[in-house]
Amino acid sequence: MSIQVRFFASLRERVGHTRLSIESADIATARDVWQAVSASPLDEEMLVAINKAYASLDKAVSDGDEVAFFPPVTGG
Amino acid sequence: MSIQVRFFASLRERVGHTRLSIESADIATARDVWQAVSASPLDEEMLVAINKAYASLDKAVSDGDEVAFFPPVTGG
Amino acid sequence: MRVEIRATAFDPWLEVAAFRRDHLAAGRIGASAVFVGTMRDFNEGDDVKSMVLEHYPGMTEQHLETMTQDAISKHHLSDALVIHRVGTILPADDIVLVAAFSAHRKEALIACREMMETLKSTAPFWKKESLASGERWVEKNTAG
Amino acid sequence: MRVEIRATAFDPWLEVAAFRRDHLAAGRIGASAVFVGTMRDFNEGDDVKSMVLEHYPGMTEQHLETMTQDAISKHHLSDALVIHRVGTILPADDIVLVAAFSAHRKEALIACREMMETLKSTAPFWKKESLASGERWVEKNTAG
């Protein structure tokens, strides 16, 4: 399974990447995607989007999905 | 006692006057002012102002006061 | 604070822009909440051709000034602006502008709405509509 | 409906005036409720020199469009307009404009406030402030 991974704002700076592309047969959910890119657990308040829509960490991902991780939003 | 009386909007048209000046020794309250200018009772929803501030019908009036009667407001 | 009764048409957006530029220190306010009421060409199912807005000179200004000053104090606003038309008004003319300015959004939003409700329910203004069938006084404002 | 992400400064009052003129039938709307958020030169007790607003291209636009369409349906609005800055922003620059237009005031006022709360709590934007002492990410928006 091939997943495009994106990071925004403070999380982008902490991870040190804007985008990553991962290939793995062991990925079922967004949580698995995070574990594939980071050794530390994802902070509870961090947010997840799959294909540009909010999702939970336990949501299933599919081949070709874009999965994004980012901190609480501060616009407006 | 001398009282300036004013009427606005639909009440002005019904009374047929914009302003009246009344002189009487028998006036104590805004209600007395109304009775001095009209034979019919003041409709319940009508509003009263004494010297350009909202007042109740039972509020005392003084010599030289301006007493206004008008219908519910419809601005904005 | 500025409160104004206008007998001629006004552009509420130019007024807000000018007020912000002239009366508010740049960089100090974070929130502007604005309400503009505009004359519709229909009311209660009927076409309205024009309208006359009557007020109580002296009382109306005083009432709006007290209302605005109270809103500034209660909600810690940076400032506030109220403009209201009187006289003959045509459909699409703006009737009322209420603007509240504050550091944070909550105060401006609440104050703007409260001022509009106070104005609609208590400020001495009266509307008389001209319909094809003749004239009629607007009986009562709807709840906000 | 119009939703726009802007990388350059904009005048919210000109935008509202133009939107009303170009998109709303004259005489059909009675209420315009507008909120404008502006960059302050202070935050949490510190002077702020500038700010960078990051967003998630594609997701942010889609999120704002859904939010705006939902507000129009839910509150029976005539129309709505949302503009949001991204990139480098200076104190006194306007950051966000949310405008709701309806026949009666209640709907526009409620929709404008709801859209602002939804935008602040869920739209994918992130602020990084430049202070004299360095840079910092804004951690969380305050409740409205």
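These numbers come from a predicted model, not from an experiment. Quick note: numbers below take in every heavy atom, side chains included, and nothing from hydrogens, waters or symmetry partners. Within every chain, numbering begins at 1; the chains are lettered A, B, ... in the order of the sequence lines, protein sequences first and strands thereafter.
Only the side chain of C/Lys128 comes within contact range of chain B, judged by heavy atoms closer than 4.5 Å. Neither the backbone nor the side chain of C/Thr66 comes within contact range of chain B; no heavy atoms are under 4.5 Å apart. In this structure, the portion of C/His63 lying under 4.5 Å from any heavy atom of chain B is its side chain and not its backbone.
In the displayed structure, C/Glu139 atom CD is contacted under 6.0 Å by at most 12 heavy atoms of other residues, nucleotides or ligands. For NZ of B/Lys52, the number of neighbouring non-hydrogen atoms (other residues, nucleotides, ligands) closer than 6.0 Å is greater than 12.
Closest approach of C/Phe125 and B/Gly75 over heavy atoms only: CB-CA, 3.4 Å. Nearest approach of B/Ala9 to C/Glu54, heavy atoms of both residues: N-OE2, 2.9 Å.
Remark: side-chain polar atoms of C/Trp126 are not paired, donor with acceptor, to backbone N or O of B/Ser10 under 3.5 angstrom.
Under the 30°/60° scheme for interplanar angles, the aromatic rings of B/Phe8 and C/Tyr56 are found to be tilted.
Your options are C/Ile95, C/Thr122, C/Leu119, and the one with the most heavy-atom pairs under 4.5 Å with chain B is C/Thr122. In terms of heavy-atom pairs under 4.5 Å with chain B, the best-connected choice from C/Val98, C/Asn141, C/Val52, C/Val96 is C/Asn141.
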Legend entry - Evaluation steps, salt bridge (charged side-chain N to carboxylate O under 4.0 Å, His left out), between B/Glu45 and C/Lys140: CA-CA 10 Å; B/Glu45 75 272 23; C/Lys140 207 153 190 181; over 6 Å; no
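Taking CE from C/Met59 and CD1 from B/Ile50, the interatomic distance works out to 10.5 Å, rounded to the nearest 0.5 Å.
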